[in-house]
Amino acid sequence: MNEPPPAPAPPTLDDVRRFAFRQGPGKGHLGEQHLVDDRTPTTSALPPGRARSATGVPLPLGTHELLAAAPYPGPCGAGAVAALEPQERLGHLLTTAFGLQRREPSHRYADHRSVASGRAKYPVHAFLAQGAEVRYHDAYRHALVDVAPSGGAAAGPVDGTSVLLAGRYSDLPAAYGRLRYAVAEVELGVALRSLCVAADLFGVPAALALDGAATARAEAVVRSAGPGTWSAPLAVRLDVPGPAAPGRVLPGPPPAARDGRDPLLEADDPSARNAAAVSARRHGLPAGPPAPARGLPEGSPAGSSAAGLPPGGPADGGPAVLSPGGPAGAVDWAQVLWNRTAGRMPDRLYGFALRPAEVSADCLADLLAWADRPPPGRLLAEVAERVRLSVALQRVGGLPAGVHQVEGRGLVLGPARPGIMAALQPGFAQPPAPNTDSGMRHAAMAFVHSVDVDALLDDFGPAAFGLLQLCLGWSVHGLCLAAAAHGLVARPARSFVEYRVQPLFGLRREETPVFMTVCGTSRFTEPMLDLRT
């Protein structure tokens with residue numbers, strides 16, 4: 001009888017170091033950043049094979065009304081939340097975190113959701129585990145769909161109520177290669193913060209269980225939903241009392257049991273296998289209690305006017321703290337999630353178009369307040385402390401154009417450089433062309449996260465590269481929500497040339513720019529279809 005092949009050895013520290021280089025500075029040097037054919041099929045928006053059943057629990061209607069009555073940036077009204085049954089509150093929470101927002105008629109990609117994504121592929125999937133019940137969040141069926149494991153065997157009980165988040169690499173085009181890892185892992189951090197923000201809005205305590213044992217339990221549940229090349233999942237426990245709602249037949253016909261894209265779920269792709277192996281290093285994280293997970297900024301980001309800064313910065317040379325004043329005019333959470341966008345171009349054109357426009361110091365202060373909230377847990381917070389956040393500005397609150405360093409909720413002003421955005425334009429992977437624009441030259445702000453990747457791996461081990469991506473996604477989603485509250489585009493991006501951005505931001509040779517978020521005012525709009533419930 002043929003023996004199954006032995007499991008490959010987990011990637012070593014040096015393996016992860018090489019893996020990180022190839023999707024960072026190495027992607028340009030090694031020619032691994034390929035053109036992507038958008039006609040190539042992916043598994044984006046395809047439910048797992050065993051999460052296409054006819055039964056489950058419909059999610060409640062009326063989430064939009066609850067959010068429309070909640071002024072940004074505070075939570076939903078205590079009275080409105082108290083009137084909800086626990087399972088109903090859970091349903092509104094999940095719709096807020098992951099639900100559909102709108103359809104843009106000329107947009108060729110997936111419909112927009114609450115979570116930030118530069119690619120609108122949304123590779124992160126959410127599962128709800130309550131005791132022995134496992135259900136899949138299907139945004140299009142607006143339901144928690146029963147997962148029917150092979151042979152009817154349950155994946156195993158999970159204490160209390162947990163939302164499990166896992167990235168699926170085949171949802172992104174295969175031409176991304178190794179970059180599918182970083183994109184999916186960053187969006188895992190984005191989804192984590194989106195869930196925590198929603199939990200804060202509905203007054204539900206949340207805690208992140210990141211240790212190896214919790215990861216293994218969550219992985220068993222995710223794999224029970226069917227084939228797929230998945231990241232190591234995250235488990236977020238929610239304090240929701242009461243038993244799981246009983247399943248029933250869902251309205252409408254269930255999806256076909258077989259889909260033409262199913263063979264892509266476990267394609268024989270070395271880059272996807274390597275991505276899953278690197279992500280799996282989270283199985284080795286030490287045991288520890290779940291960490292409280294809060295997504296909203298600490299304190300109240302609104303309520304006081306922004307402190308203006310003189311062109312030279314504070315007299316003592318320390319960071320000048322901006323006091324957020326909130327968006328001009330009242331804005332509610334329904335509008336914030338509706339506004340959230342990574343930017344657009346007209347149909348059959350690529351990239352994102354921006355126009356020159358003034359941005360208030362209040363807006364910048366609000367973004368800094370969101371970026372200042374650390375991710376949950378000691379380990380993620382320690383990794384996040386290693387990451388420097390800098391911002392290039394132009395036409396923002398009377399501040400000098402140039403590159404400034406973020407310290408907490410303040411800025412350490414750098415030298416004035418009026419042409420900074422135009423200088424960054426050639427380093428973006430989407431240069432202006434007859435069919436493409438990047439909008440960088442007209443952006444108001446370009447936030448860059450940077451870190452010494454080698455030192456991070458030396459100090460935290462092979463799992464550190466994945467932890468870094470989670471920290472980036474956590475910060476980026478906060479920036480995107482704050483930008484949306486002020487009516488701005490926020491474009492999460494890894495598609496830049498590191499060795500061009502590095503000197504422009506004054507980074508040391510060993511300090512690599514690992515993520516960029518471009519904020520500005522869109523010059524492209526069109527009527528949109530409302531998909532909110």
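Residue numbers run from 1 in the order of the sequence given. Here the structure is a predicted model, which means the values were calculated and not measured.
The minimum heavy-atom distance linking A392 with I420 is given by the pair CB-CG1, 3.9 Å. S271 approaches R178 most closely through the heavy-atom pair CB-N, 4.0 Å. For Q101 against R113, the heavy-atom pair with the smallest separation is CG-C, 3.7 Å. Contact between A353 and M345 at its shortest, heavy atoms only, is CB-SD, 3.4 Å. Closest heavy-atom contact between R102 and N339: NH1-C, 4.5 Å. A pairwise comparison of heavy atoms in P205 and G203 identifies CD-O, 3.6 Å as the closest pair.
L424 has its side chain out of reach of F496: every pair of non-hydrogen atoms, C-beta onward, lies at least 4.5 Å apart. When side chains are defined from C-beta on, L354 does not count as touching T521, because their heavy atoms never get closer than 4.5 Å. Here the side chains of L488 and C363 are in contact, with some heavy-atom distance below 4.5 Å. For the pair P513 and F505, the minimum side-chain heavy-atom distance is 4.5 Å or more. Considering only heavy atoms from C-beta on, Y122 comes within 4.5 Å of H112 through its side chain. Within the 4.5 Å cutoff, side-chain heavy atoms of D111 are placed close to those of L531. With contacts defined as side-chain heavy-atom distances shorter than 4.5 Å, the pair W370/L479 does not qualify. Under the 4.5 Å side-chain criterion, counting only non-hydrogen atoms from C-beta, L192 is not in contact with L470.
Put simply, the side chain of Y181 never gets that close to the backbone of V278: no donor and acceptor are under 3.5 Å apart. No donor-acceptor distance shorter than 3.5 angstrom exists from the side chain of W333 to the backbone of L66, with no hydrogens or angles considered. No donor-acceptor distance shorter than 3.5 angstrom exists from the side chain of R395 to the backbone of V359, with no hydrogens or angles considered. With hydrogens and angles disregarded, a donor-acceptor distance shorter than 3.5 Å links the side chain of R373 to the backbone of L296. A donor-acceptor contact shorter than 3.5 Å links the side chain of T42 to the backbone of S44. Judged by distance alone, the side chain of R340 and the main-chain N or O of S114 form a donor-acceptor pair under 3.5 Å. Judged by distance alone, with hydrogens and angles left aside, the side-chain atoms of R168 form a donor-acceptor pair with the main-chain N or O of T43 at under 3.5 Å. The main-chain N or O of S279 is never found under 3.5 Å from a side-chain atom of E185 such that the two would form a donor-acceptor pair. Without hydrogens or angle criteria, R282 side chain to A232 main chain gives a donor-acceptor distance under 3.5 Å. Here the side chain of E498 pairs no donor or acceptor atom with the backbone of T512 at under 3.5 angstrom.
A donor-acceptor contact under 3.5 angstrom links the side chains of H449 and S475, judged on distance only. Side chains of Y72 and D366: a donor on one and an acceptor on the other come within 3.5 Å. For Q405 and S390, the side-chain atoms include no donor-acceptor pair closer than 3.5 Å. Between the side chains of Q425 and S438, at least one donor N or O lies within less than 3.5 Å of an accepting N or O.
For residues 189-203, the set of pairs meeting the side chain to side chain donor-acceptor pair (under 3.5 Å) definition, not counting sequence neighbours, comprises D200-R294. Pairs passing the salt bridge (Lys or Arg N to Asp or Glu O under 4.0 Å) check and including a residue from residues 412-440, sequence neighbours excluded, read D437-R441, D437-R523.
With rounding to the nearest 0.5 angstrom, the CG atom of L472 is 12.5 Å from the CG atom of L188. Atom CG in L144 sits 9.5 Å away from atom CG in D138 (nearest 0.5 Å). Once rounded to the nearest 0.5 Å, the distance linking CZ of R141 with CG of L59 reads 11.5 Å. Atom OG1 of T63 is separated from atom CG of L201 by 11.5 Å, given to the nearest 0.5 angstrom. Note: H137 NE2 to L164 CG = 13.5 Å, rounded to the nearest 0.5 Å. Atom CG of L481 and atom NE2 of H477 lie 4.0 Å apart (nearest 0.5 Å).
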Margin query: Run T436 and L349 through side-chain contact (heavy atoms from CB on, under 4.5 Å) and show every step you take.
Written below: CA-CA 6 Å; T436 306; L349 299 178; over 6 Å; no
Check: Would F352 and T341 count as a side-chain contact (heavy atoms from CB on, under 4.5 Å) if you check the C-alpha gap in whole Å, the side-chain angles of each, and the deciding distance to 0.1 Å?
Finding: CA-CA 10 Å; F352 62 106; T341 176; over 6 Å; no
Checklist line | Stepwise side-chain contact (heavy atoms from CB on, under 4.5 Å) test for H92 and L84 | finding: CA-CA 10 Å; H92 288 301; L84 301 172; 3.9 Å; yes
Note to self: Test side-chain contact (heavy atoms from CB on, under 4.5 Å) on S450 and V387; report intermediate values, then the result.
What the structure shows: CA-CA 6 Å; S450 58; V387 181; over 6 Å; no
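Shown here are the ring-ring contact (aromatic ring centres under 6.0 Å, His included) partners of Y136, two or more places apart in sequence or in another chain: H125, F127. Evaluation of the side-chain contact (heavy atoms from CB on, under 4.5 Å) rule for A493 yields F428, S495 as partners, not counting sequence neighbours. In this view, Q394 and A401, M421 satisfy the side-chain contact (heavy atoms from CB on, under 4.5 Å) rule, not counting sequence neighbours. In this view, R386 and D459 satisfy the side-chain hydrogen bond (donor to acceptor under 3.5 Å, both in side chains) rule, not counting sequence neighbours. In this structure, the side-chain contact (heavy atoms from CB on, under 4.5 Å) partners of L379, at least two apart in sequence or on a different chain, are L285, F460, L467. Listed by chain and residue number, D530 satisfy the salt bridge (charged side-chain N to carboxylate O under 4.0 Å, His left out) test with R532 (two or more places apart in sequence, or in another chain). The side-chain hydrogen bond (donor to acceptor under 3.5 Å, both in side chains) search around D332 returns none, not counting sequence neighbours. Residues satisfying the side-chain hydrogen bond (donor to acceptor under 3.5 Å, both in side chains) test with E385, not counting sequence neighbours, are none. In this structure T96 satisfies the side-chain hydrogen bond (donor to acceptor under 3.5 Å, both in side chains) test with no other residue, sequence neighbours excluded. W474 pairs by the ring-ring contact (aromatic ring centres under 6.0 Å, His included) definition with nothing, not counting sequence neighbours.
The residue from L413, V403, L411 that alone fulfils the side-chain contact (heavy atoms from CB on, under 4.5 Å) condition with L393 is L411.
F19 and F465 have perpendicular rings, their planes meeting at more than 60° on a 0 to 90° scale where under 30° would count as parallel.
Taking the charged nitrogens against the carboxylate oxygens, K121 and E187 have no contact shorter than 4.0 Å, which rules out a salt bridge.
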